[in-house]
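Structure, as structure tokens:
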Amino acid sequence: MDVSQAKQEHLLALKVMRLTKPTLFTNLPVTCEDRDLPGDLFDQLMREDPSTIKGAEALMLGEMLTLPQNFGNIFLGETFSSYISVHNDSIQVVKDILVKADLQTSSQRLNLSASNSAVAELKPESCIDDVIHHEVKEIGTHILVCAVSYTTQYGEKLYFRKFFKFQVLKPLDVKTKFYNAETDEVFLEAQIQNITTSPMFMEKVSLEPSMMYNVTELNTVAGGDEGESTFGKMSYLQPMDTRQYLYCLKPKPEYAEKAGVIKGVTVIGKLDIVWKTNLGERGRLQTSQLQRMAPGYGDIRLSLEMIPDTVNLEEPFDIICKITNCSERTMDLELEMMNTRSIHWCGVSGRQLGKLSPGAFLSLPLILLSSVQGLQSISGLRLTDTFLKRTYEYDDIAQVCVVCPYTNNEC
Amino acid sequence: MDSEEAPAQRPVTLEITVEDATAEAPGPDPPKLTISQTPLRENLLPQVESIDLGGEFSTPQEDSSATPSESLMDKLNDQMMESVLISDSPNNSEEEDDDDDVAPMDSFLDAVEEEDHFHETSVDKEEQGEIGQNTTEIEVTVEEQEKDSSVEKVDEETREQTDTEEQVISCVSLQVDEHSPSDPNSGEPSLLEAQETKDYSVPVCTIFSHGTHPKSLVPDGFQPTLIKSPSFSMGSGVETSEAVTPSKLMAPLVCQPSPSLSKFFNDNGHVNPASDFFDSFTVPSSFISVSNPNADIPPGATPASIAPTPERQLSSTSSSISNPGGALDSGAPTPSSVFAPSESTTKAQPPPSQEAPAQAPAPAPQPQPFNTLQAVFSGSDDPFATALSLSEVDRRHDSWLPSEETRKLLISVATQQYSPAYVETTRLTMPGLKFDNLQGDAVKDLMLRFLGEAAAMKRQVLTANSVEQSFTGLKRLISSKNWRAAVDLTGRLLTAHGQGYGKAGQQSSHTTDSLQLWFVRLSLLTKLNLFQNAELEIEPFGNLDQPDLFYEYYPTVYPGRRGSMVPFSMRLLHAELPQYLAKPQEALDRLHNLKTVCLAILENLEKGLAEDGSMITLTQENRQGSLKLWRSRLSRVMYSMANCLLLMKDYVLAVETYHSIIQYEPQQRVQLLSGIGRIFLQIGDVKTAERYFQDVEKACQMTGSQPSHTTCVLMNRAFVSLSQNNYTEAHASFTEVLKMDPKNPVANNNAAVCLLYLGCLKESLGQLEGLVQQDPALYLHESVLFNLTTMYELESSRSTQKKQALLEAVACREGDSFNTQCLKLV
């Protein structure tokens, strides 16, 4: 830029106003009764006030829209809208006006102008208007760069720019936690905190699972037509409030059966969050891919396919164990059953289960009984791989509730 | 160029994947980044202002834009008009969330900020000019110069010309811009502005490069999760650990101090000439009053004092004789209402002044039947007669359930076991003015400042001096919206009653009228948003439960009369007040107390008892009247509770409370359901709002088609469209309202607002301007003016002149209570 321009008076003026949603005007109702000194004066004043609700003047929230009063905050995922007005302040006609609006983020520069063609001429006191929209996708400093170039009636080409800086803030804090169920299900707990200063209506918080999983949302309570949200009737989040969303992920059968094992780090999916604030101001964010370290099962995984929850004291009951070879080699397995203080296994200990190739599994029905009442832990299974002479211990596989069948009768 | 280095230093983070994924392949990134350096060379205006104040008056702006941005951030969702301040918070937010990664850039920007004329207001013009030259940026200085010259140049006539011109042009601009709002969002890849590539090798790269922060460990096993816009892929430098946590949640509602307050606090003890003046006519008649029938009346004074104030008795609420029929004539003027000091305070009254006859206009004495009645009763302590006189209406309105302690004391006073004289002073109410005078007329002050002394002299508003020093004068001031003057007048009247400035903590007696005056004064202070002042003055009243606020306390002054001297509306105001002072919990507590009393009284009535639970047989008609009154009071309390909850942003309870009002006020069903719908829109829950609006439509169908209901339905539709970002549709709905009700100010204003969002500034301006000119009575409302001035600021650099024109319009019509902030002149 040359210095001479600095002294040049510009014929055009550029004005920018951020268009957040308008707000509803709020009244301050002060009423009195007919018998009071002002009589119906207060009521009359309120009736005459155009911003009150006729017939319900004591209702604070009016219908009058007011334009945004300040720039406000802008959050990641929201749409930045702005009015750009170029006004001819001079008394001469200005020609070939080109208005360009660019948004400079920390990484890129975006053109936001609706049209890039020049306006042929602008008469005095008239405007070129543009409303720009941009969904903000980055946090941090943004600079709106508005450039205006034009030609005066004397053919002089002039150019000026204006810069408007604003900060894009983070609206939400998301924390996640995984719980691995005994079955292959994975539960995802997502804590979402509103770190803005205004209430937020969570329109959608959904988990988009990766290809390996099916997802069930556990955020509604069954009953009613479509189930009531666990968060109550009004699904909004006050500033700094946190809310827990729970999802259950089941591996798709084709993946579950493939060795019955999902090993190592797997991609679970991502959370898709859509919120709205004042008068439908919308924002949308996605988390990064959520990753989960699948629990290591070692070489052999023992899971339960069937187990009763309540059994009678000293009465044998059946369980079915599923033994999966998670290693890369074939195993030759031998089963030992060790009695504990309360759990007594039936059948022969030390029997051969035969060979199990990698990824294969076998179902093993077993019988046992408990000699102690109460919640008992099933422990004492030992699997030995005779090839490598390695023993795997399985304790606290599951719990059963042991009750005495006679006490009920006596009562 | 080293442009290639810029992308290299940054982790490639911002790959846009979603909607514009195809459009915005990573390819275009490097060229973009070349351009990215350009702004750093320039004079950066570091923030988007909602309104570009340009180079207009730099000093006035200091007030608005230099306001601490914290409060503004908090006020984001605050719809109160007090927050009409043009400023924004980026500065502040920078401080909050600036991490090391962006710090270099910010520090750079901060340095440049000082050149920013509307931001760093302390910088004066010359300084700006210099810097502007140094940094090869121009528009800052230019605009100011332009502005300065133009202000002087353009006189009224030319401006009017231009106004009309604008309207013509507005049509054109509308057509031109019709398409702009429908434009798809952002990221369309017209980004490569080849001609923009200038050779800049400013250290952007380092400035922008984000370091990847180590993720903070969360103790509870949660791991922070990266969030970002859907269109981002993983690995952007954005971290959850750099959490921005706005800590301030509730913005205290600050009320602006009255301009002249400090001044008046200084001259305490100084005799206010106004009170002398007032005393001059109250004193002669202070020995007799309808509200004080048993006062010790010197026989000679009676006729003289009654004579000038015949009407007063009609409106007196003190004695049932004045309104035996029950329906109290509230409309009756009380030209020279008089206070009735009880015996204890008579001595406190200043001596009669000389000017008395001149000040108190004496209407021709008329024979008054009440006079004779009055004479009969005055001095009489026949309990039978007084019991008879207890009017139904008085009982109905004054009923109250004081606390047990107060009730016992009142009973013992009534049964003459206990003399009021022995009540400890801590149990007494001793109010007094806490400030003397508000005076002040902000409109006139602004005129002085912007339009000169000559124009300001033309402004004529009623003042406390220019009206009768009575209830009539007070009403005139209130209805002409000169509330500040009205507050002054209440001050004078209360001073005359012995509760003037500095009298707080001194014993004085209460009468129906004095409490009504207090109520009016406190209401007006509240209406003027002078909440702190109101709180100061209501404080001596405690919780409005002191025995001396009940009629039973004055068995000789108000024989046989029972119940609360404090009007119900004042109790309500007392309960509401804390919510405006950021103490909503206290307000809720008080409102719940009121609700409990209302419910107890309604229960008593339904059980066949009198309001206070006593075994008085009421006629059916009276019972119905009482039930009706107390139900309406209950619903008013509920309204206040709901409003308070809304201020607290407890939307769940607010909605519940509003909903419960429908049972008391079935005729307000449509308004209430619409209001609830709007609350849902406010929090962003459009679907639930629509459900409520459907209920509204059903309710409207049931009641038949009233025009007001059709309007309501259309308005609701418009708000839904607005919330769906469909401004075209919203505008159409508002326009439809206008077809039926062309004068509807809300629809007119809202349609204009929609036009702005549609990119039709001139048209929107034209509409609002036209309205204000055609129908100033309706449109000189602060919300409309606020919108209008905002648009002026957006439209032209000469907004100040246009605002001044508005100021003139305001000056012709509005009283001293006009909120000048909406003109945004300062």
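Naming convention: chains lettered A, B, ... in sequence-line order (proteins, then strands); numbering from 1 in each chain.
When heavy atoms are compared at a cutoff of 4.5 Å, A:Ile53 approaches chain B solely by way of its side chain, counted from C-beta outward. In this structure, chain A has no heavy atom under 4.5 Å from any part of B:Val670. Using a 4.5 Å cut-off between heavy atoms, A:Leu45 contacts chain B through its side chain alone, with no backbone atom that close. The part of B:Leu474 that comes within reach of chain A is its side chain, from C-beta onward, which places non-hydrogen atoms under 4.5 angstrom from that chain. Using a 4.5 Å cut-off between heavy atoms, B:Asp685 touches chain A through backbone and side chain atoms alike. When heavy atoms are compared at a cutoff of 4.5 Å, A:Gln238 approaches chain B solely by way of its side chain, counted from C-beta outward. Neither the backbone nor the side chain of B:Thr688 comes within less than 4.5 Å of any heavy atom of chain A. Heavy atoms closer than 4.5 Å to chain B are found nowhere in A:Ser81, neither backbone nor side chain. Within the 4.5 angstrom heavy-atom criterion, atoms from both the backbone and the side chain of B:Ile679 approach chain A. The part of A:Met200 that comes within reach of chain B is its backbone (N, CA, C, O), which places non-hydrogen atoms under 4.5 angstrom from that chain. For B:Leu646, the part lying under 4.5 angstrom from a heavy atom of chain A is the side chain only. Only the side chain of A:Leu41 comes within contact range of chain B, with at least one heavy atom under 4.5 Å from a heavy atom of that chain. B:Tyr779 does not touch chain A: none of its heavy atoms, backbone or side chain, sits under 4.5 Å away.
Taking the six-membered ring where tryptophan is involved, the planes of B:Tyr651 and A:Tyr236 are perpendicular, since the angle between them exceeds 60° and thus also 30°. Ring geometry, A:Phe166 versus A:Phe80: the interplanar angle falls under 30°, so the pair is classed parallel (tilted spans 30 to 60°).
In terms of heavy atoms, A:Val168 sits closest to A:Phe75 at CG1-C, 3.8 Å. Across all non-hydrogen atoms, the minimal contact from A:Ser90 to A:Pro124 is O-CB, 3.2 Å. The two residues A:Val30 and B:Ser523 come nearest to each other via the heavy atoms CG1-CB, 3.6 Å. Here the closest non-hydrogen pair linking A:Gly55 and A:Glu57 is N-OE2, 3.4 Å. Smallest separation of non-hydrogen atoms from B:Leu681 and B:Ser723: CD2-OG, 3.3 Å. For the residue pair B:Gly675 and A:Leu59, the shortest heavy atom distance occurs at CA-CD2, 4.1 Å.
A salt bridge does not link A:Lys177 to A:Glu189: none of the charged side-chain nitrogens sits closer than 4.0 Å to a carboxylate oxygen. We find that A:Lys276 and A:Glu281 are not joined by a salt bridge, their nearest charged nitrogen and carboxylate oxygen being 4.0 Å or further apart. Salt bridge B:Glu795/B:Lys762: present, at least one basic N to carboxylate O contact under 4.0 Å.
Among B:Arg678, B:Arg636, B:Gln667, the residue making the largest number of heavy-atom pairs under 4.5 Å with chain A is B:Arg678. With respect to chain A, the highest number of heavy-atom pairs below 4.5 Å among B:Met791, B:His781, B:Gln671 belongs to B:His781. Residue with the most contacts toward chain B among A:Pro38, A:Pro22, A:Cys32, A:Ser85: A:Pro22 (heavy-atom pairs, distance under 4.5 Å). Looking only at heavy-atom pairs under 4.5 Å with chain A, the residue among B:Val686, B:Asn725, B:Val784, B:Leu572 that has the most is B:Asn725. With respect to chain A, the highest number of heavy-atom pairs below 4.5 Å among B:Leu573, B:Leu778, B:Leu722 belongs to B:Leu722. Of the listed residues (A:Lys21, A:Glu48, A:Glu203), the greatest number of heavy-atom pairs within a distance under 4.5 Å of chain B belongs to A:Lys21.
Each of A:Arg109, A:Lys162, A:Arg161 was scored for a salt bridge (charged side-chain N to carboxylate O under 4.0 Å, His left out) with A:Asp102, with one residue passing: A:Arg109.
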